[in-house]
Enquirer: 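Dropping the structure in here first, questions after.
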Protein chains: 2
Amino acid sequence: MSETFPTKPEVSRPTMIDVARRAGVGLGTVSRVVNGGHGVRDETAQRVRAAIDELGFQRNEVARALRPGKKSTSLALVLGDLTNPFYATIAKSSLEIAGQSGFAVVLGSVDEDPEGEKRAIQELVSRQVAGLMIVPDQGDHAFLEGAGVPVVFVDRPATGIDADIVMVDNEGGGRLATEHLLAQGHERIAILLAPSYYTIGRRLRGFRRAHRAAGIDVDESLVIQLPEGNAEAAEKATREVMLRPDPPTAIFASTNFLTEGVLRALGELGSQLKSEPAVVGFDDFRLADMLPTPVTVVASDIAELGRSAARLLLDRASGADTRPPQRIVLPCGLIERGSGERPPDSAAKRKAR
Amino acid sequence: MSETFPTKPEVSRPTMIDVARRAGVGLGTVSRVVNGGHGVRDETAQRVRAAIDELGFQRNEVARALRPGKKSTSLALVLGDLTNPFYATIAKSSLEIAGQSGFAVVLGSVDEDPEGEKRAIQELVSRQVAGLMIVPDQGDHAFLEGAGVPVVFVDRPATGIDADIVMVDNEGGGRLATEHLLAQGHERIAILLAPSYYTIGRRLRGFRRAHRAAGIDVDESLVIQLPEGNAEAAEKATREVMLRPDPPTAIFASTNFLTEGVLRALGELGSQLKSEPAVVGFDDFRLADMLPTPVTVVASDIAELGRSAARLLLDRASGADTRPPQRIVLPCGLIERGSGERPPDSAAKRKAR
DNA sequence: CTGTTAGCGCCTTCAG
DNA sequence: CTGAAGGCGCTAACAG
């Protein structure tokens, strides 16, 4: 029990040969029984199954995957910070789908740097995964071209390779959020942008389109590019912009973490402000409805993002799907909770006229 | 480019033999170069490396792991809902440590049921992972005894097997939270308990100990066992207990999700209540400091939980650590934010006397 | 120093 | 219906 085995460190698991000997049959027979048991006499199969149980035999998936053609039964998932509920949701939902088909999901260690991503992906490929789901970083992904493994990009496309991509309607969402604010009468809307990922660019595009459609000019000093994508950066930027002589009457935060930073800044600024700006965030988040002013957001079904990606990848891996690269776009909806329905205050309005 | 290859679905990656032929050397030499290149003439090694680059060769980890003894270079992580920031944090931090040693982390699909966990674990074992990190469900885990793979349990121990375990000081945390409330003068403290996991039991124990130490009896009607561990169950229970003729003046929520439910209920009850109870939660959560009343919690370093588990498992897997099963317990601290510092209201006090 | 050889555990022909 | 044999990509042991 509490004894150690310095010389026999590993308890080797039984193999098919052990089972075959135990059951007094040939190796091939055992294999057949294990894989569906087709074409084996019932009595023989019984004996084999008994031996399997007695020995506690478990098929070695590694050896199995070694056969040519036969890919392994695991998918790789490469993404950033699992601590971000957005990514966690993708991980969970894709894992769910993969699991239903008996696939495991391997998470590559993903540091922040773009080189780290490449290394992680290659390590995963060397593990013979049947397919890759990648939330890509900004670097070039052309190196995946010859990997010989199906790839599905999630949340944003990658450059240098034409592969399946599952994402949300970023531009539509950006437009939706902006239109909503414009409809309340806001004419000075600030937008906070995380470092230029593809998604953020599209959201900004929606922002501009909505303005154009409404015949309102975008004040470029309110298009705020943040140096980092975290709450702190957004907090700082919000404080600065709100203390300007001519502050915006509404803020569109392009990311869940940014929304948090905006709210934090507004909370601290509090009474220093003549009036509180309306706020709309992109992506919903837990507790958004419980904050002092419940937060209005533009959101999409992130879990479905992960599910779609996994399903698509599974079909590619099995060879069931041979269509040219697909592009799945999930819609965004508006969830009104209060913060986005604040009208522009009268003082600001007076100034604008 | 946009052509499909129905008959040749896989681009087979180059193998060591290809490299050997290309470099005009033997197979063994290539292997030696790939594994550190010890004992190979420099010039030869150069040629081999060149061939590797030209062919884009990558060692097949699967084949490598087939050798006896040589375990694969991936760890398994089995846990519940990745959507719970608590688990997500464990996943992230353990992944970080594993990655530093060149290990990947395989996530088994974990349904809710206890049988699903066993199946998931066995699938992972069949994939020849080098070790298992498990946040165990309630069932018996004796079946892991003969798995021949090191196991580290995370957050709570499992029954039926004596293995390493990394967890937080649940009892200490429960006691800390309770002492804090008692110190404010609360004598009627309700505790909300998620379905009886090990951790919850310990937290309750701390709750009772703190009472005993203070010479105050626990009102058993305030020890509330919830049917489920989600926010909704806590919300419902909170509403009920607060509407009793003799409601508690403080609430200890034993879980992050439960805390959320408590706050939600209190928010809705609002003015119906004669006075708002103090609230302390177990485990910190994002935005806890931004709620209408910032939430006081007892918390520990969850990321360290994951890191310790991964480090320990890595040492076990490599054989570097052969000590008897370890038990690592991380401390809990109190984070005062407001909700836990509300004194019992005067009306309630009068009643109690 | 370097090439050759024998498996690792399994699946897939191919005979019997 | 069943047993035997070959090979997947790699490493380790053994000759040269």
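Hydrogens, waters and symmetry mates are skipped; everything else that's a heavy atom, side chains included, is used.
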Enquirer: With a 4.0 Å cut-off on heavy atoms, is B:Ile17 in touch with a base, just the backbone sugar-phosphate, or nothing at all?
Expert: nothing

Enquirer: Less than 4.5 Å apart, any side-chain heavy atom of A:Val34 and any of A:Ile52?
Expert: yes

Enquirer: Quick one: which of D:dG9, D:dC10, C:dC11 gets closest to the side chain of B:Phe57?
Expert: D:dC10

Enquirer: Between B:Gly28 and A:Val40, just flag the one whose closest nucleotide in DNA chain D comes earlier from the 5' side.
Expert: A:Val40

Enquirer: The side chain of A:Ser31 is closest to which nucleotide in this list: C:dT12, C:dG9, D:dC14?
Expert: C:dT12

Enquirer: Output the single nucleotide from D:dG9, C:dC10, D:dC10 whose closest atom is nearest the side chain of B:Leu66.
Expert: D:dG9

Enquirer: Can you tell me which nucleotide in C:dG3, D:dG3, C:dG9 comes closest to the side chain of A:Arg32?
Expert: D:dG3

Enquirer: Go through the N and O atoms of the side chain of A:Arg13 and the base of C:dG9, and report whether any donor-acceptor pair is under 3.5 Å.
Expert: no

Enquirer: Using atom CE of A:Met16 as one end and atom C1' of C:dT12 as the other, report the distance to the nearest whole Å.
Expert: 12 Å

Enquirer: With a 4.0 Å cut-off on N to O distance, would you call B:Glu115 and B:Arg119 a salt bridge?
Expert: no

Enquirer: Nearest to the side chain of B:Val25 - C:dC11, D:dG9, C:dG3?
Expert: C:dG3

Enquirer: Which nucleotide wins on minimum distance to the side chain of B:Arg64, given the candidates D:dC10, C:dC10, D:dT2?
Expert: D:dC10

Enquirer: Taking atom P of D:dT11 as reference, at what distance in whole Å does atom CG of B:Leu27 sit?
Expert: 9 Å

Enquirer: What's the CD1-C1' distance between B:Ile52 and D:dG9, to the nearest Å?
Expert: 14 Å

Enquirer: Mind listing the residues from residues 120-128 of chain B sitting with a heavy atom below 4.0 Å of DNA chain D? Number order is fine.
Expert: none

Enquirer: A:Thr44 side chain N/O closer than 4.0 Å to the phosphate oxygens (OP1, OP2) of D:dC1?
Expert: no

Enquirer: For B:Asn60 and D:dC8, what is the distance between atoms CG and P respectively, to the nearest whole Å?
Expert: 12 Å

Enquirer: In a check of side-chain contact (heavy atoms from CB on, under 4.5 Å) between B:Ile134 and each of B:Val151, B:Leu79, B:Asp155, which one passes?
Expert: B:Val151

Enquirer: Please report the closest heavy-atom contact between B:Leu107 and A:Leu107, naming both atoms and the distance.
Expert: CD1-CD1, 3.4 Å

Enquirer: Give a yes/no on whether any side-chain N or O of B:Asn35 is located under 4.0 angstrom from OP1 or OP2 of D:dT11.
Expert: yes

Enquirer: Identify which nucleotide among D:dC10, C:dG9, D:dT2 has an atom closest to any side-chain atom of A:Thr29, counting heavy atoms from C-beta outward.
Expert: D:dT2

Enquirer: Distance check needed: C:dG9 C1' versus A:Glu61 CD, whole Å only.
Expert: 12 Å

Enquirer: Figure out the CZ/P separation between B:Arg21 and C:dG3, and round it to whole Å.
Expert: 14 Å

Enquirer: May I ask you to establish whether B:Arg13 and B:Phe57 are in a cation-pi arrangement, using a distance under 6.0 Å from NZ or CZ to the six-membered ring centre and at most 45° from the ring axis?
Expert: no

Enquirer: Which pair of non-hydrogen atoms, one from A:Met133 and one from A:Leu313, has the smallest distance, and what is that distance?
Expert: CG-CD2, 3.3 Å

Enquirer: Just by distance, no angles: are the side chains of A:Thr73 and B:Arg127 close enough, under 3.5 Å, to form a donor-acceptor pair?
Expert: yes

Enquirer: For A:Arg59, is there an ion pair with B:Glu123 - N to carboxylate O distance below 4.0 angstrom?
Expert: no

Enquirer: Checking contacts here: which listed nucleotide (C:dC1, D:dG9, D:dG3) is nearest the side-chain heavy atoms of B:Arg41?
Expert: C:dC1

